[in-house]
Amino acid sequence: MTVRVRFAPSPTGYLHIGGARTAMYNQLFAKAMGGKYILRIEDTDTERSERKYEESQIEDLKWLGITHDEGPDVGGEYGPYRQSERLHIYKTWAEKLIDKGHAYHCFCSEEELTAKKELAEKEKRAPHYDGKCRNLTVEEVTSKLASGEEAVVRFHAQRKAYVFNDYVRGRVVFPEGMVGDFVIMRANGIPVYNYAVVVDDASMKITHVIRAEEHLPNTLRQLMLYEAFSETPPEFAHVSLLIGEDRQKLSKRHGATSVTLYKEMNYLPNALLNYLCLLGWSHPNELDVFNPLELGTLFNLDRFTKAAAIYDVKKLDFINGQHIKALPIETILTEVEKTIPSTHQFHKMDHEWKIACVTIFKDQINFFQDFASHLDVLFTTEVSTSADYLEAKSWETTPKIREYLEGEINIAIVAGKKFVTVEDYNIWSEHVKGELKIKGKQLFMGMRSVLTHQAHGPELKFIIPLTPIEILEKRIHL
RNA sequence: GCACCCAUCGUCUAGCCCGGCCUAGGACACUGCCUUUUCACGGCGGCGACUGGGGUUCGAAUCCCCAUGGGUGUACCA
């Protein structure tokens, strides 16, 4: 039997990182098992569902590199993949249930129901439906329906315990009497979540349901439904929740929770996935930095943690930096270029210069946009006010270095050079050492203070050949 | 309220199922040293946890019970 898994988001907002994580786990499992990963849109909440959210979610999934084998946009043999287009299916399946005596029409009004519920709570009884409409005769039902009375379809819940085995939770027991007869079809003919899920998962031949832990209690109703349909339930894996610092389920007030935001903040999709993957799952070789999409058969359902994970992006930033470092230099250049203001002199430089520049700074950034700030050491004519700098400047050897370098730079300018070379720089430092007899700290710090007006920075032999000569000239006269 | 789930460094986690190899391992963050005559990178260290109490056992982070804490659910939302 081929493995079939699905991710089933509601198009009521942008793709949430928790959703992205679930989608990823599903796809990884499908990949590891050589199965299929299906995207299904659960838009039965007609009030809040919007097509634009469906589109943006699919787009974000695509950005992350999570692609489905079947779905509303790509089709497949188990379609349609949008619940709003499957209404006829839910209706037929509900009729089957009614025929078999597993479900019935219920005409109770909302007022009646809330009154009973309040009474039950007051008397400390479980607020379950009392089954008033359960024993209506076929004639009564048809006449009520014919007279236009509104009716929902209610499932007749069995009084028995349900047990199932969860890949991450282990053996889960739902004792008898946890739920009463629950609604499966609303009065307007739209199915309720727990029912639609079962009809879809069964008819789409889903073999494994990997979803967040908040769905664990739903499993009971779903198990009841599978039983009534005489369908074998899928295997379940209820993955631990992502929570905020306050230990509550992650939501908008916890900050950046939508994938779109991470895309905008310039995170690498693989880095985000890598981080999300590690929240509740561990690599068999205890790796921290890897590309989840390339896990292959290394991914399995045995390595999930049961406890909820606090979503804290500090490690994500680190992982992003690691992923950047692993990128080909040309790719880093392209990405980095997008983040530098269009008026910046960087863009006027030739390719070779840019590559050299990226090579120097790429190990120091966690984000592409961090790069621009490192460029200052090549272009700025600002003077440091740090104590270290002032000290280096006050040495009696420093003016001698300045005087010498001023001459050298003038020569280079007259010769028409736009940049000095590493060789030039080496000659300079040899001269300062040999002729001026300045060495050690006085040499290096002295040259740095004269050439950059800073006390610290990347190695001079790397940055000086990349600094435009007119900048060097300006600095030497400051 | 009721039901269900969970509990290892500040955070993510390994170990737990099949008790001894755990003076509890790794990563992020923080921090010290080394290296690079600076900074960063890197390397090597440091800080830092088995929620509490009972039991079972020669031996418990690992098994059992209770307590505590936290979470989720309890809809004609998903």
Side-chain angles (χ1 to χ4, degrees), chain A residues 8-12 42-49 83 106 108 110 113-114 117 121 124-128 150-154 166 168-170 172-175 177-180 182-197 211-220 238 240-241 243 245-249 275 278-289 302-303 305-319 321-322 325 360-365 374 377 388-389 392 439-445 447-449 452 454-460:
Chain A
S10 299
T12 53
E42 308 214 321
D43 54 354
T44 51
D45 183 350
T46 46
E47 302 270 293
R48 298 192 297 146
S49 295
Q83 290 188 327
C106 170
C108 296
E110 232 179 287
L113 258 20
T114 42
K117 196 186 255 178
E121 270 164 25
K124 300 206 166 152
R125 285 181 290 116
H128 295 161
E150 286 220 325
V152 299
V153 179
R154 228 174 241 286
D166 190 280
V168 353
R169 307 334 305 176
V172 178
V173 182
F174 296 113
M178 264 182 81
V179 297
F182 55 91
V183 173
I184 59 174
M185 290 288 269
R186 298 177 172 98
N188 62 8
I190 293 177
V192 163
Y193 169 76
N194 278 302
Y195 169 69
V197 164
R211 63 188 2 171
E213 196 194 339
E214 53 186 317
H215 288 291
L216 194 57
N218 287 329
T219 312
L220 171 58
H238 286 93
S240 59
L241 241 31
I243 56 180
E245 258 176 292
D246 56 357
R247 310 206 73 96
Q248 311 272 303
K249 191 165 84 172
Y275 174 69
L278 252 17
L279 254 27
W281 186 81
S282 62
H283 193 284
N285 305 331
E286 290 196 47
L287 257 42
D288 280 302
V289 180
D302 304 329
R303 301 195 59 84
T305 329
K306 291 179 176 187
I310 295 180
Y311 185 76
D312 169 17
V313 290
K314 260 185 279 170
K315 197 165 182 173
L316 168 59
D317 292 354
F318 164 79
I319 289 176
Q322 295 298 310
K325 279 169 201 142
I360 296 176
F361 300 119
K362 76 174 170 74
D363 289 343
Q364 295 175 41
I365 59 173
H374 289 280
V377 300
D388 288 349
Y389 168 72
K439 50 189 176 188
K441 204 176 180 185
Q442 275 66 30
L443 196 210
F444 289 93
M445 290 297 277
M447 286 186 71
R448 182 179 293 282
S449 72
T452 70
Q454 301 294 321
H456 309 288
E459 249 189 280
L460 286 175

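Bear in mind that the values here come from a model prediction, so they are computed numbers and not experimental data. So that the names make sense, note that chain A is the first sequence line, chain B the second, and so on, each numbered from 1.
- Looking at heavy-atom distances under 4.0 Å, A:Lys117 makes contact with sugar-phosphate atoms alone, never a base.
- Residue A:His456 contributes atom NE2, which lies 16 Å from atom C1' of B:C41 at whole-angstrom precision.
- Counting non-hydrogen atoms under 4.0 angstrom, A:Gly280 reaches the backbone sugars and phosphates but no base.
- Test A:Phe318, A:Tyr311, A:Trp281 against A:Tyr275 for ring pair (Phe, Tyr, Trp, His ring centres under 6.0 Å) and you get one pass: A:Tyr311.
- Considering only the side chain of A:Phe174, B:C4 comes nearest among B:C4, B:U38, B:G26.
- Annotation: of the two residues near RNA chain B, A:His215 and A:Pro175, the 5′-most nearest-nucleotide partner is A:Pro175.
- Within the 4.0 angstrom heavy-atom criterion, only backbone atoms of the sugar-phosphate kind lie near A:Arg247; the bases stay farther away.
- For B:A40, its base never sits under 3.5 Å from the side chain of A:Asp363 at any donor and acceptor pair.
- A:Lys306 comes within 4.0 angstrom of the backbone, heavy atoms only, and of no base.
- Checked by atom type and distance alone, the side chain of A:Ser10 never pairs as donor or acceptor with a backbone atom of A:Thr12 at under 3.5 Å.
- Contacts of A:Asp317 with the nucleic acid, taken as non-hydrogen atoms under 4.0 Å apart, are absent.
- Comparing B:G19 with B:C58, their P atoms are spaced 15 Å from each other, to the whole Å.
- Within a 6.0 Å radius of CD in A:Glu150, no more than 12 heavy atoms belonging to other residues, nucleotides or ligands are found.
- A:Ala187 comes within 4.0 angstrom of a nucleotide base, judged by non-hydrogen atoms across all strands.
- As judged by a 4.0 angstrom heavy-atom cut-off over every strand, A:Glu245 is placed among residues making no nucleic acid contact.
- Regarding A:Asp312, its CG atom lies at a distance of 14 Å from the C1' atom of B:C9, rounded to whole Å.
- Atom NE2 of A:His128 is separated from atom P of B:U74 by 12 Å (rounded to the nearest Å).
- Closest to the side chain of A:Asn218, out of B:C4, B:A27, B:A78, is B:A78.
- Side chain of A:Asn285 to backbone of A:Leu287: no donor-acceptor contact under 3.5 angstrom is found.
- In this structure, A:Val192 reaches the sugar-phosphate backbone alone: every heavy-atom distance under 4.0 Å involves primed, P, OP1 or OP2 atoms, never a base.
- Here the side chain of A:Leu241 is nearest to one of B:U72, B:U38, B:C5, namely B:U72.
- Remark: the separation of the C1' atoms in B:A27 and B:C66 is 36 Å, to the nearest Å.
- What separates CH2 of A:Trp281 from P of B:C12 is a distance of 18 Å, to the nearest Å.
- Under the Watson-Crick and G-U wobble criteria, each requiring two contacts below 3.5 Å, nucleotide B:C16 is left unpaired.
- A distance of about 24 Å separates the C1' atoms of B:C9 and B:C17, rounded to the whole Å.
- Neither OP1 nor OP2 of B:U72 sits under 4.0 Å from any side-chain N or O of A:Arg169.
- When heavy atoms are screened at a 4.0 angstrom cut-off, A:Thr44 is found touching the sugar-phosphate backbone but no base atom.
- Of the nucleotides present, none pairs with B:A61 by Watson-Crick or G-U wobble criteria with both distances under 3.5 Å.
- In this structure, A:Asp363 and A:Lys325 approach most closely via the heavy-atom pair O-CE, 3.2 Å.
- One atom, CD of A:Glu214, and another, C1' of B:U72, lie 8 Å apart when rounded to the nearest Å.
- Residue A:Arg303 is classed as a sugar-phosphate contact, given heavy-atom separations below 4.0 Å to backbone atoms only.
- In this structure, A:Leu316 reaches neither bases nor backbone, as no heavy-atom distance under 4.0 Å exists between it and the strands shown.
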A:Val192 and A:Ile184: CA distance, side-chain angles, deciding distance, side-chain contact (heavy atoms from CB on, under 4.5 Å) verdict: CA-CA 5 Å; A:Val192 163; A:Ile184 59 174; 5.6 Å; no
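- With B:C76, B:A14, B:U38 as the candidates, the nucleotide lying closest to the side chain of A:Glu459 is B:U38.
- At distances below 3.5 Å, not a single donor-acceptor pair connects side-chain atoms of A:Arg211 with backbone N or O atoms of A:His238.
- Where A:Pro458 and A:Cys106 each meet RNA chain B at their nearest nucleotide, the meeting point lying more 5' is that of A:Pro458.
- With both pairing distances under 3.5 Å, B:A27 is matched to B:U11 as a Watson-Crick or G-U wobble pair.
- Nucleotide B:A75 holds its P atom 13 Å from the CD atom of A:Glu110, rounded to whole Å.
- A:Ile310 places its CD1 atom 14 Å from the C1' atom of B:C28, with the value rounded to the nearest Å.
- Base pairing annotation: B:U51 forms a Watson-Crick or G-U wobble pair with B:A67, both donor-acceptor distances under 3.5 Å.
- Nearest heavy atoms, A:Thr44 versus A:Ile190: O-CG2, 3.5 Å.
- Using a 4.0 Å heavy-atom cutoff across all strands shown, A:Val197 reaches no nucleic acid atom at all.
- Using P as the reference atom, B:A61 and B:U8 are 15 Å apart when rounded to the nearest Å.
- Residue A:Val172 places its side chain closer to B:C4 than to any other of B:C76, B:C4, B:C12.
- Across all strands shown, B:C2 forms a Watson-Crick or G-U wobble pair with B:G73, both key distances being under 3.5 Å.
- With hydrogens and angles left out, the side chain of A:Glu213 and the base of B:G71 share no donor-acceptor pair within 3.5 Å.
- In this structure B:C44 sits in a base pair with B:G32, meeting the Watson-Crick or G-U test at under 3.5 Å.
- Within 4.0 Å of A:Lys249, counting heavy atoms only, lie sugar-phosphate atoms of the nucleic acid but no base atom.
- Side-chain nitrogen and oxygen atoms of A:Ser282 include at least one within less than 4.0 Å of the OP1 or OP2 phosphate oxygen of B:A14.
- Checking the phosphate oxygens (OP1, OP2) of B:C39, no side-chain nitrogen or oxygen of A:Gln454 falls inside 4.0 Å.
- A 6.0 Å sphere centred on CZ of A:Arg247 holds no more than 12 heavy atoms belonging to other residues, nucleotides or ligands.
- Heavy atoms of A:Phe444 sit under 4.0 angstrom from at least one base atom.
- A:His374 places a side-chain heavy atom less than 4.5 Å from the side chain of A:Ile365.
- In this structure, of B:C6, B:C76, B:U13, it is B:C6 that holds the atom nearest to the side chain of A:Ala307.
- One C1' atom belongs to B:G70, the other to B:A14, and the distance between them is 23 Å to the nearest Å.
- At whole-Å resolution of the value, CG in A:Leu287 and P in B:U13 are 16 Å apart.
- For A:Lys314 and B:G10, the shortest distance from a side-chain N or O to OP1 or OP2 is not below 4.0 Å.
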